[in-house]
Amino acid sequence: MHDLSSFRQNLDAIALRLADRGFTVDTGTFRSLDTERRAAITEAEKLRADRNAQSQEIGKLSKSGADTTELRERVRQMGERMKELDQKAAELEANLQAMMASIPNVPHASVPTGKSADDNVEVRRWGTPPEFSFAPKAHWDLGPELGILDFERAAKITGARFVVYKGLGAKLERALISFMLDVHTQHHGYTEMLPPFIANKDSFYGTGQLPKFEADLFKLEGTDYYLIPTAEVPVTNYYRDETLDADKLPIQFCAYTPCFRSEAGSYGRDVRGIIRQHQFQKVELVKFAPPESSYDELESLTRDAEDILQRLGLPYRTVVLCTGDLGASSAKTYDIEVWLPGQNGYKEISSCSNFEAFQARRAAIRTKSGKKSEFAHTLNGSALAVGRTWVAIVENYQQADGSVVIPEALRPYMGTDVIRAG
RNA sequence: GGAGAGGUGGCUGAGUGGUCGAAAGCAGCGGUUUGCUAAACCGUCGUAGUGCCUUAAAGCGCUACCGGGGGUUCGAAUCCCCCCCUCUCCGCCA
């Protein structure tokens, strides 16, 4: 959500940059809505001020014993007219709000201009994709062969896009979660959190999933609750409607949660394997930062995510998303893509974003130093998507005999150095 | 799920129809005093919208906000209705 008065003041410049996203701001409609709304507010408030003054007069008069019948009737009529004006103002307000809620964030100056994912720019690359003396398999073959993934029975239990991890497969997922949380809490300065996996409407509004993206969510029938699609929702909303002491920033949280996504509109994409599921596990990093240093925090957050891949010895590259590929709330996003032999290419495993004050304004997360109060900047990034990390390990560390070697760093968590069939 | 108590500014807490954006205390901020610390004293101290003024900030007004929504009334923190949340007891339960 944009700040209304600065949006109004910088309308043309903002509209120009939003055009780089492929978003057109209807500046004419905005201007007229904005002007009408303010006129309605002014009119209604003037009448209300008048009524308040008259009401007080009634109070004084009746105390002194004077007859106020006539005055009362006049004020009552003012009240009726007030109701009409209030209603008109409320309607205009709602229209303007609806318009503002649909306008995406302004990309940061450092974000490259482009139309689609093809225009994203690689900023660095780490590691070398493994060379195999045999034809490497994809995880959807390896998993069932090793007895560590079961798609058929998951489909029976629930349906498509669900999976059962089994045996060392389940343990690998659990080991990755513990490993990631330990690295972030012990080496990167994050505080671990275990939040609710269900959140209410206000929280989803605060981080921007509502009202626009309701179709992507699972709603709990008969309630205002939704299953979270990412820990970003509960963890960012942890401080909704609060003012944070500027001295305490940045605040850094990490959280493991399952994530639930309806994946409406992704039919036919990543249908094989566990790349795209209705439920997946993720460790998320969330930061609350002072505006002046939020871009430094984005850099370190991205490095924190990359560190997990380095420790696991998984080759990856980091790209900065271009204006056309940027999420609506984000001002700048890095995607980290891990090498997957099964796809013979790099696949997104993390997305690290700075939302600047875009979420904080919706969620009313402020920071205060001395007398000055302003909106904090919020950031988040996956570190990492656990299921896709699982895939990366199984595919990158597969051996000619069909077994999977466990990377050094994970062995204490796995209690074994290899996964074999049987 | 049942019974009861309660939700007021950063915190504690007064306030049952007009003089209440709201006493008082604490914390914060500015200052005086002080060798330092502590203490004392004086002042200041909510958020948002909107109008005027302004390059802007500041300033000066107005409006709204006492958990949320609706109602009664000329006028609501205060009365009525619905909802949410917290606490205590009971029931159920991992």
Side-chain angles (χ1 to χ4, degrees), chain A residues 1-13 30-101 194-206 210 220 222-226 234 237-249 251 288 291 357 360-376:
Chain A
M1 181 74 77
H2 288 275
D3 173 62
L4 186 56
S5 72
S6 77
F7 187 81
R8 180 189 299 138
Q9 268 173 33
N10 306 307
L11 184 56
D12 293 328
F30 171 78
R31 283 222 168 81
S32 65
L33 255 179
D34 182 53
T35 311
E36 279 179 56
R37 166 182 169 270
R38 284 192 287 161
I41 288 173
T42 308
E43 196 184 352
E45 287 189 348
K46 269 191 180 144
L47 188 64
R48 191 178 301 272
D50 194 17
R51 186 210 62 176
N52 287 351
Q54 303 274 6
S55 271
Q56 265 192 353
E57 197 57 30
I58 290 174
K60 280 183 198 158
L61 285 174
S62 40
K63 214 162 241 180
S64 67
D67 176 34
T68 57
T69 325
E70 206 178 306
L71 189 54
R72 279 190 197 197
E73 176 55 21
R74 260 213 332 266
V75 176
R76 199 187 54 76
Q77 284 171 10
M78 285 172 78
E80 278 169 18
R81 227 170 77 233
M82 231 171 57
K83 258 182 199 167
E84 291 169 26
L85 285 173
D86 280 347
Q87 206 185 336
K88 186 179 154 201
E91 262 171 45
L92 287 162
E93 173 82 32
N95 289 343
L96 189 69
Q97 282 299 319
M99 182 178 185
M100 292 303 288
L194 182 61
F197 303 158
I198 294 170
N200 62 30
K201 214 169 52 187
D202 290 342
S203 293
F204 280 87
Y205 182 83
L210 289 180
L220 298 189
T223 69
D224 274 343
Y225 297 163
Y226 299 79
N237 279 282
Y238 183 71
Y239 283 130
R240 174 153 49 83
D241 295 322
E242 292 193 37
T243 301
L244 309 172
D245 190 344
D247 297 340
K248 305 261 167 62
L249 300 184
I251 293 171
F288 303 85
R361 253 191 303 275
R362 300 171 75 108
I365 301 167
R366 297 185 169 82
T367 170
K368 193 171 188 176
S369 63
K371 288 191 172 175
K372 199 178 86 188
S373 167
E374 61 189 331
F375 289 109

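All figures in this text were calculated on a predicted structure; none of them were measured in a lab. The sequence lines fix the lettering, A, B, ..., with proteins before strands; numbering per chain opens at 1.
- A/Asp241 meets the side-chain contact (heavy atoms from CB on, under 4.5 Å) test with A/Ala364; sequence neighbours excluded.
- Within the shown strands, nothing qualifies as a pairing partner of B/A76 under the Watson-Crick or G-U definition with both distances less than 3.5 Å.
- Here the separation of B/G25 from B/G15, taken at their C1' atoms, is 15 Å to the nearest Å.
- Legend: residues meeting ring-ring contact (aromatic ring centres under 6.0 Å, His included) with A/Tyr225, ordered by chain and number and at least two apart, are absent.
- Across every strand in view, B/C87 sits in a pair with B/G4 that passes the Watson-Crick or G-U test at under 3.5 angstrom.
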Check the interface with nucleotides 66-75 of chain B: list each N/O to N/O pair with the protein under 3.5 Å, or write none.
from: B/C74; atom 1: O2'; to: A/Ser55; atom 2: OG; distance (Å): 2.9
from: B/G75; atom 1: O4'; to: A/Ser55; atom 2: OG; distance (Å): 3.2

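- With sequence neighbours excluded, the residues that form a side chain to side chain donor-acceptor pair (under 3.5 Å) with A/Arg240 are A/Ser203, A/Asn237.
- When all heavy atoms of A/Arg361 and A/Asp3 are compared, the closest pair comes out as NE-N, 3.2 Å.
- With both ends at atom P, the span from B/G9 to B/U78 equals 15 Å, rounded to whole Å.
- Distance NZ (A/Lys46) to P (B/U50): 15 Å, rounded to an integer number of Å.
- As rounded to whole Å, 16 Å separates atom P of B/U47 from atom CD of A/Glu242.
- To the nearest 0.5 Å, atoms CZ (A/Arg8) and CG (A/Asp34) are separated by 4.0 Å.
- Pairing partner, B/U32: B/A40, with both Watson-Crick or wobble hydrogen-bond distances short of 3.5 Å.
- As a whole-Å value, the separation of A/Arg48 CZ from B/C65 C1' is 12 Å.
- Using P as the reference atom, B/U33 and B/A24 are 27 Å apart when rounded to the nearest Å.
- The pairing partner recorded for B/C92 is none, the criterion being a Watson-Crick or G-U wobble arrangement whose two distances lie under 3.5 angstrom.
- B/C52 and B/G69: their C1' atoms are spaced 34 Å apart (whole Å).
- The nearest whole Å value for the distance from the CG atom in A/Asn10 to the P atom in B/U55 is 18 Å.
- Backbone-only engagement by A/Arg8 is indicated by non-hydrogen atom pairs under 4.0 Å involving sugar-phosphate atoms exclusively.
- Atom name C1', nucleotides B/U8 and B/C53: the rounded distance is 35 Å, in whole Å.
- Put simply, OG1 on A/Thr35 and CG on A/Leu96 are 10.0 Å apart, with the number rounded to the nearest 0.5 Å.
- Using atom C1' as the reference point in both B/C93 and B/A5, the two lie 25 Å apart (nearest Å).
- B/C52: Watson-Crick or G-U partner is B/G59, with both key distances under 3.5 Å.
- In this structure, the ring-ring contact (aromatic ring centres under 6.0 Å, His included) partners of A/Tyr238, at least two apart in sequence or on a different chain, are A/Phe253.
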Hey, can you pull the donor-acceptor pairs under 3.5 Å for the side chains in residues 80-89 of chain A, sequence neighbours left out?
from: A/Glu80; atom 1: OE2; to: A/Arg76; atom 2: NH1; distance (Å): 2.5
from: A/Asp86; atom 1: OD1; to: A/Arg48; atom 2: NH2; distance (Å): 3.0
from: A/Asp86; atom 1: OD2; to: A/Arg48; atom 2: NH2; distance (Å): 2.4

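- Regarding contacts with the backbone of B/G46, every side-chain N or O of A/Arg366 stays at 4.0 angstrom or more from both OP1 and OP2.
- Comparing the P positions of B/G75 and B/G18 gives an interatomic distance of 14 Å, to the nearest angstrom.
- Closest approach of A/Ala376 and A/Ala360 over heavy atoms only: O-CB, 3.1 Å.
- Scored by the side chain to side chain donor-acceptor pair (under 3.5 Å) test, A/Tyr226 finds A/Glu214 as partners (sequence neighbours excluded).
- Within residues 88-97 of chain A, no residue approaches RNA chain B, by heavy-atom distance under 4.0 Å.
- Here the C1' atom of nucleotide B/U47 and the CD atom of A/Glu374 are 16 Å apart, to the nearest Å.
- Legend: residues meeting side chain to side chain donor-acceptor pair (under 3.5 Å) with A/Arg72, ordered by chain and number and at least two apart, are A/Thr68.
- Residues meeting the side chain to side chain donor-acceptor pair (under 3.5 Å) test with A/Arg37, sequence neighbours left out: A/Glu93.
- The stretch residues 33-40 of chain A comes close to RNA chain B through A/Arg37, A/Arg38, each having a heavy atom under 4.0 Å from the strand.
- A straight line from OH of A/Tyr239 to P of B/G10 spans 17 Å, rounded to a whole angstrom.
- At whole-Å resolution of the value, CG in A/Asp245 and C1' in B/A27 are 12 Å apart.
- In a base pair of the Watson-Crick type (N1 to N3 plus N6-O4 or O6-N4) or a G-U wobble (N1-O2 and O6-N3), with each distance short of 3.5 Å, B/C20 is matched with no nucleotide.
- With both ends at atom P, the span from B/G71 to B/C62 equals 27 Å, rounded to whole Å.
- Between the CG atom in A/Leu33 and the CE atom in A/Met99 there is a gap of 7.0 Å [rounded to 0.5 Å].
- Look at CD on A/Glu57: it is 17 Å from P on B/G18, rounded to the nearest Å.
- Both A/Gln9 and A/Thr42 lie near RNA chain B, and the one whose nearest nucleotide falls closer to the 5' end is A/Thr42.
- Of all heavy-atom pairs between A/Tyr239 and A/Ile365, the closest is O-CG1, 3.4 Å.
- Across every strand in view, B/A14 sits unpaired, with no contact that passes the Watson-Crick or G-U test at under 3.5 angstrom.
- Base pairing of B/C45 is not made with any nucleotide, judged by Watson-Crick or G-U wobble geometry with both donor-acceptor distances under 3.5 Å.
- Taking 4.0 Å as the cut-off between side-chain N and carboxylate O, A/Lys46 and A/Asp50 do not count as a salt-bridged pair.
- Between A/Phe30 and A/Phe7, the two ring planes are perpendicular [angle over 60°; tilted spans 30° to 60°].
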Contact list (N/O, under 3.5 angstrom) for nucleotides 84-86 of chain B vs protein:
none

